[in-house]
Every structure is written in structure tokens, then in C-alpha cells.
Visitor: 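Take this structure first; my questions come after.
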Amino acid sequence: MFPTPIEKTSRPWQLTYQALLPVALILWLLPLIAVAVFSIRPDADFTTGNYWGWPSSFDGITNYSKVFFESDMPRYLLNSVFITVPTVIGAVALSAMTGFALGIYKFRSNLWIFFMFVAGNFVPFQILMVPVRDLTLDMGLYNTKTGLVLFHIAFQTGFCTLFMRNFIRALPFELIEAARVEGVAEWRIFWYVVLPLMKPALAALAVLIFTFIWNDYFWAVVLTQGVESQPVTAGITSFNAQYRAAYHLMSAGSIVAALPPVAMFFLMQRHFIAGLTLGAVK
Amino acid sequence: MTHATLPDTHADRGGRRGWWRRNQIAVSPWLFLAPGVLFFALYVIFPIFQSFNVSLYRWDGLGEPTFIGMENYDELRYDPAFYTSLRNNVIWLLLYLLAIPGGLFIALFLNQTVTGIRLYKSLFFFPFVISQVVVGLVFTWFYDPTFGLLNTMLAWVGLGPINVLGDPTYVTYGIIAAGLWPQTAYCMILYLTGLNAVNPEQIEAGRLDGARGWRMLWYIVLPQLKPATFIAFVVTIIGALRSFDLISIMTNGGPFGESRVLSFYMFEVALSEYGFRMGYGAAIAVVLFLIMLCFIAYFLWSMYREEKAR
């Protein structure tokens, strides 16, 4: 193990390390802690300039219930759910198929199609912006959740294919050959042999895509406009415009907007990390 | 395996089924690829070429586009805002790479087995999971000249106040610092997983040969972390060139357009109140795309060599 395991070092350094850990963590998360503290302060603290002193009262419940019951926040959160969930399902389904095709079959253009997906996944969003917005307008899907979902599915298929294909490549190929010898149809091999083995990859991608799409801001601004279709990342800006200078509410709103991917991460940590490392670092 | 449950597919033989049986393996991949490839082509591949085309027109997004050839690019050559954005893009690219050593440093710090270390690792990773919009808001308040934590702390040591986001000299660095926060967390997690896979025998052998500290890190550990470093490099470059959310949230390009980058300037030109200049916007996007293309080509080249080596 590198660096030297702490139990093999001198006693003073062990103690220093143990003390250093929480201090480093607090410093690292300081901006976030500040916002969390803001979100439970009463309005009065901001008017009297008591930003960093002890809160004059703890108004967490009032602030958060304002966010949930007196603003458009629940609407935006719901939109985010309706955008994120279909995208996850669509992108994972499409890429399970493309990944299977590119991982199992040998044909001449295989690597080129794979590289098309990889390269497309890396392009800057701006080169797609004008045509995609135009396409969405032409289909009558501008300012709808469907329009946003369709684009997200297509774009995320690139990243998902990269991941799925590499994962399938690592599976034992003898399984597929054995099934073929048995005369099993190809789509049955996909459904009954390969798909059950891909469960870890499916889970990893689902968590990761959930986070990516939930946190997307650019496309939300480009393809949607109002409260009826905008996800929470775009909604938080109008929320902030509504509560300008009401820092306690803006902080509470931001925390609410950030929470779902955080919860997802803590629940599915192992899968999440497997996905982030693109399966390349085991 | 599950022999008993496999269906009997030898049942019927005949004209069409016979052809299907013979060509199944050649045709199947295309059937599996079709939906994904078509979708991806429609929304990602074609739009790239369409953008190249749009950049040759003057177009407000609604009326008839007028063909003007290279005029958009000519205008770009004399646009000071374009050069500001380009300069900031370079600064972003260079400084964003600090996330890689930063992430490695934190990963080395946390690569221990004391109680609760798993929770520490998760909490250090935290900033990456939060949306950039929220990161932007959090740092806007952190930098705030009247009540921000940064200036409060500077005041303790008798400095400040500095209005980071209101000062043309500091603004880009301030936003990059905000961006480095989640990006360092990402690199950290890559290195933590990489460190898990480092061969302990080589480390022991190195120790016996008297390698310690820096020399051990440089000659024995880092070479084994190469895959992690490669991915960290890829995602950091892409992240740096995609920076849009933070700028849009924190400064909206200001003050005086000093914090613009190409991705933000493109959006500003094409889709904001400054006018719907789709053609000019597309031209900026093309420049950004060409910069990115250099990196994409390099990534693909590395992947290609790896594929061939298998």
C-alpha cells in the first residue's frame, strides 16, 4: 500500500493524521457548510447583518416549507424527475443494444462506429446547439420535456455505448459461443445470456446518467423556457430572481435542488464509482 | 448453464427462416445498432455538419438565411470579445489541469484504513455530485464582498475586501477556482480506485531497495496509475472546454465581458438578448469544436493503439 499505512508509522504522526482528517474535511466543504447554515437562519439575521454570528433563531423548518409550499420549486423538481427518469431508461436501453453489437460481433466497421460514439460524446455542446434547437422547434417539441428527453437520450447513448461495449468485451466470450452452438437465436443470447451478466454495468450507468441529466443546465436553458417544462437547475435561477436577496430561501432552494443526486450517490456509491472510472480502472 | 430452459430453435426450417439462420450473425449487429446509431446520427453527428453550414450564413433563427461565405469568420478575426474568450479558454485549460495533481494529493492523503475513512472519502467526493449551478451559487456567496466567507476570513488577517467576481483581473481565476472544486473531487476518486489496484509486491520491493516518499511515488506508483491519469486528463480537458454553467450563473460573462469563454460567448451571441445571430454563433462554435477536435483526435489515437495492442 502507498503511502505507508498509518498503523506502521510513529505514534505522533498517527495522532496528527487523525486530527487532520476532520479539519481537512471541514475546510474542503466550507462553502457548502456556509450555505447549509444560511438555510436555517431567519430573515432578520440578514437585515441586521448577522451573517456569520450565532443564528438569532433556528428557522430551518420555516425556510424549507416556504420552498416546498410557496414557490414553484416542487413543480421544477417534478419536471426534473420526468426528464431524468425516461432519459436514463432510454439511454441505457439503446446503449445495451449498441454495446452488445460492438462488443460481441466482429465486422469491418465495428471500431469506426465505436469511435463515432466516443468522439460524439466529447464534442462541445455549442456545435450542436443551433441545429438541435432548430430540429426541436421543427418537431414542435420546443419547451417540452419530451424534446429535452429525446436529445438527452441520443447524446448520452454515446457515453453509455463506450461503457457498455468495454464491459461486454470483458465478459467470457465462450458463453456466447456455447449458446450459438446450441442454436440459440442472437436476440435470445442478448436477452437471456448477456443482459443478466450486465446488471452491474446497467446499475452503474443508470446512477451516473441520473446525476448527469439532473445536473444539466445548458440544454435546459436552450430547449425549454417556462415553469411547465424547465428542470430544477434552470428553475433555481427564476426562484432566485423571485427571492432576490432572501439568502435564507435561496440557500434552502439550492440545497433542495442539489439533494436528489447526492442521495443517489450515497445509496449507490459502489456503482457510481465503477461508472465514473469508465470501467477502465478496476 | 441453463440447458434445460433453452428453447428448441431447430423446430422449423424453410425459405425465409433458412436465410435468416444463415445470415443471422452478419445481420444481427446492424439490427442492434440501428436505433442507437440513427438517434445519435440525428441529434449529434448531423448537427455538427449543419453547424459548419450555418456558420456560412447570416441568420436570425426565424427568417430566410442569407449566404455570406466566410464573412462570419472575417468578423471573428476583428472581434475583441472573441480574443478575450479565447484567452480565457487557454487559462481555463491550463489551470483546470491543477485538478489532476490536486486530486492525486487528496487521494494519497485519504488512502488509509483508519475508522470512518469510507465516509471521509464519500464526503470529499461530495462536490462532484452537486450540480454546477449550485456550485456556482455557493461560490458566488462565498466571494460576496459584503458578507462572503472569503472576505470575512480575509478581514481576520487584516486584508480585503476584494470583490473577486466584480474585478476584471480576478474574475476568471475566481470562477476557475469554483470549477476546480468538483473537478479535483473527480480526479481524487479516479486516483483512489487506481491506488487500490497498485501492486503491493512492487511497493514492497521498492521499499527493500530503499525507495521512499517522492521517489517511490514517481518511479513505482505513478507508472501504475497511468490509466487513472489518462482518464483524469480526458475528463479535465473536456470539462475545461465545456465550462458554461459556472460562468452563466456566477457572472453572466461580466464584468465587461471579461469572464467569457468561447462556449459562453457563442451562447450569448446566438441566444440571448444581444440578438439572435445564429450564423455568427455557429462560427464561434466551429472554432471551439476545432480546438476540441485536436484533443478528441489524441484520445481516439490512444484508444486505437490500446485496441490494436490487445
Side-chain angles (χ1 to χ4, degrees), chain A residues 1-3 5-6 21 25 28-29 31-32 34-35 51-52 94-95 97-98 100-101 105 107 111 115 117-120 122-124 126-128 130-132 151 154-155 157-158 161 182-186 211 215 217-218 222 233 236 254 257-258 261-262 265 269 273 276-278 280-282, chain B residues 6 9-10 24 28-29 32-33 35-36 39-40 43-45 47-48 50-51 54 108 112 114 120 122-124 129-134 137-139 142 147 149 152 189-190 193-194 197-198 200 203 221 227-228 231 238 241-242 244-245 263 266 270 278 281-282 285 288-289 292 296 300 307:
Chain A
M1 215 172 132
F2 185 85
I6 206 82
L21 267 179
L25 182 69
W28 182 244
L29 293 181
L32 212 57
V35 173
Y51 294 109
W52 298 110
L94 283 184
S95 63
M97 293 197 288
T98 51
F100 176 76
Y105 299 95
F107 51 95
L111 204 58
F115 279 177
F117 279 119
V118 177
F122 288 148
V123 299
Q126 283 70 21
I127 192 94
L128 311 177
V130 173
V132 166
F151 171 78
F155 192 81
T157 300
T161 302
E182 291 286 324
V184 183
E186 296 295 311
T211 313
N215 291 342
Y217 175 67
F218 182 74
V222 171
T233 42
I236 189 91
S254 308
V262 171
F265 166 67
Q269 217 178 108
I273 290 167
L276 272 185
T277 53
L278 313 183
V281 192
K282 293 261 160 50
Chain B
L6 286 180
T9 45
H10 296 279
Q24 202 189 143
S28 293
F32 280 113
L33 278 174
F39 227 35
F40 198 70
Y43 269 109
V44 182
I45 304 299
I48 295 174
Q50 281 170 313
S51 274
V54 170
L108 288 173
Q112 295 289 354
V114 296
Y120 275 110
S122 314
L123 288 173
F124 265 91
V129 194
I130 305 169
S131 88
Q132 298 243 318
V133 173
V134 176
L137 288 171
V138 168
F139 269 82
F142 182 74
F147 66 82
L149 203 50
T152 312
I189 214 82
L190 288 171
T193 19
V198 165
I203 304 274
V221 179
I231 296 180
I238 304 282
L241 288 175
R242 277 202 181 148
F244 170 87
D245 301 6
S263 60
M266 185 274 168
M278 299 291 175
L288 180 62
F289 175 74
M292 194 85 104
I296 295 177
L300 287 182
E307 287 291 326

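All of these numbers come straight from a predicted model, not from anything done at the bench. Sequence lines set the chain letters: A, B, ... in the order given, protein chains first and strands last, and positions in each chain run from 1.
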Visitor: Against chain A, label B/Val54 side chain, backbone, both or neither, depending on which of its atoms sit under 4.5 Å from a heavy atom there.
Guide: side chain
Visitor: Under 4.5 Å from any heavy atom of chain A, what part of B/Val133 do you find: side chain, backbone, both or neither?
Guide: side chain
Visitor: Identify the two heavy atoms, one from B/Ser28 and one from A/Tyr105, that lie closest to each other, and give their separation to 0.1 Å.
Guide: CB-OH, 3.4 Å
Visitor: Evaluate the ring planes of A/Phe155 and A/Phe151, with Trp represented by its six-membered ring, and classify them as parallel (under 30°), tilted (30 to 60°) or perpendicular (over 60°).
Guide: parallel
Visitor: Indicate yes or no: at least one non-hydrogen side-chain atom of B/Val129 is less than 4.5 angstrom from one of A/Thr211.
Guide: yes
Visitor: Where on B/Leu137 is there a heavy atom nearer than 4.5 Å to chain A: the side chain, the backbone, both, or neither?
Guide: side chain
Visitor: Between A/Val262 and chain B, with a heavy-atom cut-off of 4.5 Å, which part of the residue counts as in contact: side chain, backbone, both or neither?
Guide: both
Visitor: What distance do B/Phe289 atom CZ and B/Ile48 atom CD1 have between them, rounded to the nearest 0.5 Å?
Guide: 4.5 Å
Visitor: Does any heavy atom of chain B fall under 4.5 Å from the side chain of A/Ser254, the backbone, both, or neither of them?
Guide: both
Visitor: Does any backbone or side-chain atom of A/Phe218 lie under 4.5 Å from a heavy atom of chain B? Answer side chain, backbone, both or neither.
Guide: both
Visitor: Kindly indicate whether the side chain of A/Tyr217, heavy atoms from C-beta on, has any atom under 4.5 Å from the side chain of B/Ser131.
Guide: no
Visitor: Could you tell me which portion of B/Thr152 (side chain, backbone, both or neither) has an atom closer than 4.5 angstrom to a non-hydrogen atom of chain A?
Guide: side chain
Visitor: So, does B/Gln112 use its side chain to make a donor-acceptor pair with the main chain of A/Ile6 at under 3.5 Å?
Guide: yes
Visitor: For B/Phe147, is it the side chain, the backbone, both, or neither that has a heavy atom closer than 4.5 Å to a heavy atom of chain A?
Guide: both
Visitor: Chain B: which of A/Ile236, A/Leu32, A/Thr161 shares the most heavy-atom pairs with it under 4.5 Å?
Guide: A/Leu32
Visitor: Side chain, backbone, both or neither: which part of A/Phe100 has a heavy atom under 4.5 Å from chain B?
Guide: side chain
Visitor: With only heavy atoms counted, which part of A/Glu186 is less than 4.5 Å from chain B, the side chain, the backbone, both or neither?
Guide: both
Visitor: Can you tell me which portion of B/Leu108 sits under 4.5 Å from chain A's heavy atoms? Options are side chain, backbone, both or neither.
Guide: both
Visitor: Sort out for me which of A/Thr157, A/Val132, A/Val123 touches chain B most, counting heavy-atom pairs under 4.5 Å.
Guide: A/Val123
Visitor: Measure B/Gln50 against the heavy atoms of chain A and call it side chain, backbone, both or neither at under 4.5 Å.
Guide: both
Visitor: Hey, are the side chains of A/Phe107 and B/Leu33 touching, using non-hydrogen atoms and a 4.5 Å cut-off?
Guide: yes
Visitor: Given the options B/Phe142, B/Phe39, B/Phe40, which has more heavy-atom pairs under 4.5 Å with chain A than any of the others?
Guide: B/Phe40
Visitor: If you take all heavy atoms of A/Ala258 and A/Pro261, which pair is closest and at what distance?
Guide: O-CD, 3.2 Å
Visitor: Flag the one option from A/Leu111, A/Val130, A/Leu21 with the top tally of heavy-atom pairs under 4.5 Å to chain B.
Guide: A/Leu21
Visitor: Can you tell me how far apart CE (B/Met266) and CD1 (A/Ile127) are? Round to the nearest 0.5 Å.
Guide: 8.0 Å
Visitor: Quick check on the interface: out of B/Ala282, B/Gly36, B/Gly281, who has the most heavy-atom pairs with chain A under 4.5 Å?
Guide: B/Gly36
Visitor: Do B/Leu241 and A/Pro124 have side-chain heavy atoms sitting under 4.5 Å apart?
Guide: no
Visitor: Of the listed residues (A/Ala154, A/Ala119, A/Ser95), which shares the most heavy-atom pairs with chain B below a 4.5 Å separation?
Guide: A/Ala154
Visitor: Heavy atoms only: give me the nearest A/Gln126-B/Phe244 pair and the separation to one decimal.
Guide: NE2-CD1, 4.1 Å
Visitor: In terms of heavy-atom proximity below 4.5 Å to chain A, should B/Phe124 be classed as side chain, backbone, both, or neither?
Guide: both
Visitor: Would you mind checking which part of B/Val44 comes under 4.5 Å of any heavy atom in chain A, side chain (CB onward), backbone (N, CA, C, O), both or neither?
Guide: both
Visitor: If you tally heavy-atom pairs under 4.5 Å against chain B, which of A/Phe115, A/Trp28, A/Phe122 wins?
Guide: A/Trp28
Visitor: Using non-hydrogen atoms and a 4.5 Å limit, figure out which bit of B/Met278 sits close to chain A: side chain, backbone, both or neither.
Guide: both
